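Let me begin by presenting the structure, written as structure tokens, before commenting on it.
Here is the naming used below: chain letters follow the sequence lines, and residue numbers restart at 1 for every chain. Please read all numbers here as calculations on a predicted model, not as lab measurements.
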Number of protein chains: 2
Amino acid sequence: MVDPRWEATLDRILELTVVLSRDMDEELERMGLTGSRAHLVWELERRGPSKQQALAEALGVSPRTITALVDGLVATGFVTREPHPTDRRATQVTFTTQGRAAAKALVDGHRELASQLFAEVPADRLECFDEVLAGLLARLREISARA
Amino acid sequence: MVDPRWEATLDRILELTVVLSRDMDEELERMGLTGSRAHLVWELERRGPSKQQALAEALGVSPRTITALVDGLVATGFVTREPHPTDRRATQVTFTTQGRAAAKALVDGHRELASQLFAEVPADRLECFDEVLAGLLARLREISARA
DNA sequence: TATTGTTATACTCTATAACTATA
DNA sequence: TATAGTTATAGAGTATAACAATA
């Protein structure tokens, strides 16, 4: 059994996730992206031009969902569908100029957020935080795998 | 400027949110709830029988969305719509027996998760973690308010 | 036969705007 | 005139199943 006051810690974690995702969604909306589409953009940046199938696996969603997400990103000018060079069944999703700029903005925004968020935390405190955090993440994966 | 390795800390926070919400959603699905409906159930437990208007404010969504959520919860047997005792324009959302049991399960599950998650973390480490966490949350609210 | 992506269909969450009933 | 909730409509994310084209 655990000291019940740590329930408040879980509450804080939960609230952090809420505030964080609300903020990120607002930022993304200003760029003309949604959370899911930004996730696809992020993965496309990491992988380079990709088959939809590969993106489906990377995002952990169905092929049907990728069709919808790519439809949206094509309509708003972030990516294009090109014929795949070697497999005529497949399409290759590639960035437009706008899409590449958006991907860069995502990467920069991530760095910027880390900077703003941690700027005033002393290094030794942050180190402690990070170590416990890593442990919690591992623990959560255990719990998750067992369920 | 901040040590760039703390970007990995932000990544861990983000990943924690992903794993946490995936796990919670699976648990909720086993109970026949979605995340949004569970949120309504949680608030209804805190407030007791409520007008939809009050729930809309509590969840931060539109009245239209509350109509949809309550429709879903009525259809799946968690709540009922009763006439409001003093305002004939309003409806009062109240738990069924099943709904009350679900609310209790949510509260218990929250406690249980905190227990499992923090069980093996030494108290002094957790204290450090919690203090930094509280600071980050406050910092994030500042950033959020300024934007 | 297996894989890639699409069409068809459906459910959930969310919103705005117009409308009804009541205050 | 203002408030509570609904209907109408719409966009986004998600899924399964059936299907076409290609491997």
Side-chain angles (χ1 to χ4, degrees), chain A residues 18 21-22 24-26 28-44 47 49-94, chain B residues 18 21-22 24-26 28-44 47 49-94:
Chain A
V18 170
S21 56
R22 182 165 50 66
M24 290 194 306
D25 284 352
E26 281 169 9
L28 292 174
E29 191 177 0
R30 277 190 283 271
M31 302 170 58
L33 285 170
T34 63
S36 294
R37 290 177 191 176
H39 191 181
L40 194 156
V41 167
W42 183 273
E43 280 299 327
L44 193 58
R47 294 158 174 272
S50 304
K51 289 199 292 184
Q52 294 190 186
Q53 152 62 22
L55 294 171
E57 276 189 22
L59 303 199
V61 299
S62 71
R64 178 62 186 89
T65 297
I66 293 295
T67 296
L69 292 176
V70 173
D71 283 351
L73 286 167
V74 167
T76 49
F78 291 91
V79 305
T80 59
R81 283 188 172 99
E82 306 291 339
H84 191 278
T86 63
D87 187 340
R88 285 197 299 170
R89 293 171 304 182
T91 64
Q92 200 163 30
V93 181
T94 62
Chain B
V18 170
S21 57
R22 181 165 50 67
M24 289 193 306
D25 284 352
E26 281 169 9
L28 291 174
E29 192 177 358
R30 277 189 283 269
M31 300 171 60
L33 285 170
T34 64
S36 295
R37 290 178 193 175
H39 191 181
L40 195 155
V41 166
W42 183 274
E43 280 299 325
L44 193 58
R47 294 158 173 271
S50 305
K51 290 199 291 185
Q52 294 189 186
Q53 151 62 21
L55 295 171
E57 275 188 24
L59 303 199
V61 298
S62 71
R64 178 62 186 89
T65 298
I66 293 296
T67 298
L69 292 176
V70 173
D71 283 351
L73 286 167
V74 168
T76 49
F78 291 90
V79 305
T80 60
R81 282 188 173 99
E82 306 291 341
H84 190 277
T86 63
D87 187 340
R88 285 196 300 170
R89 295 170 303 180
T91 65
Q92 200 163 30
V93 181
T94 61

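- With hydrogens and angles ignored, no donor-acceptor pair closer than 3.5 Å exists between the side chain of B:Arg88 and the base of C:dT22.
- Looking only at side-chain heavy atoms (C-beta outward), B:Thr94 and B:Val79 stay at 4.5 Å or farther from each other.
- Positionally, the nearest nucleotide of DNA chain D for A:Thr65 lies more toward the 5' end than for the other of A:Asp87 and A:Thr65.
- The B:Val61 side chain lies nearest to C:dA15 when the options are C:dT7, D:dT22, C:dA15.
- Residue-level contact check: B:Leu69 touches the backbone only, with heavy atoms under 4.0 Å from sugar-phosphate atoms and none from bases.
- Distances shown here put every side-chain N or O of A:Gln52 at or beyond 4.0 Å from the OP1 or OP2 atom of C:dT4.
- Rounded to a whole Å, the CG atom of B:Leu55 is 12 Å from the C1' atom of D:dG5.
- As rounded to whole Å, 12 Å separates atom C1' of D:dA20 from atom CZ of A:Arg89.
- Between A:Ser36 and A:Leu69, the closest heavy-atom pair is CB-CD2, 3.8 Å.
- Heavy atoms only, all atoms of each residue included: B:Gly35 and B:Asp25 are closest at CA-OD1, 4.3 Å.
- If you measure from atom NZ of A:Lys51 to atom P of D:dA23, you get 11 Å, rounded to the nearest angstrom.
- For B:Ser36, no side-chain nitrogen or oxygen approaches OP1 or OP2 of C:dT12 to under 4.0 Å.
- Mapping A:Thr86 and B:Ala90 onto DNA chain D via the closest heavy atom, the residue that lands nearer the 5' end is B:Ala90.
- Rounding to whole angstrom units, CD of residue A:Glu29 and P of D:dG11 are separated by 15 Å.
- When the nucleotides D:dT6, D:dT3, C:dT14 are ranked by their closest atom to the side chain of B:Pro63, D:dT6 comes out on top.
- A:Leu73 has its CG atom 8 Å from the P atom of D:dG13, to the nearest Å.
- Residues A:Arg81 and A:Asp71 have side chains in contact (heavy-atom distance under 4.5 Å, counting atoms from C-beta outward).
- If you take CG of A:Leu40 and C1' of D:dT14, they are 14 Å apart, rounded to a whole angstrom.
- B:Asp71 has its CG atom 13 Å from the C1' atom of C:dC11, to the nearest Å.
- You'll find that the side chain of B:Ser62 is closest to C:dA15, out of D:dA23, D:dT14, C:dA15.
- Taking only side-chain atoms of B:Arg64, from C-beta outward, the nucleotide of C:dT12, C:dT16, C:dG5 with the closest atom is C:dT16.
- Shown are B:Gln52, B:Gln53, B:His84; of these, the side chain to side chain contact (heavy atoms under 4.5 Å, CB included) with B:Thr91 is made only by B:Gln52.
- Between A:Arg37 atom CZ and D:dG13 atom C1' there is a gap of 9 Å when expressed in whole angstrom units.
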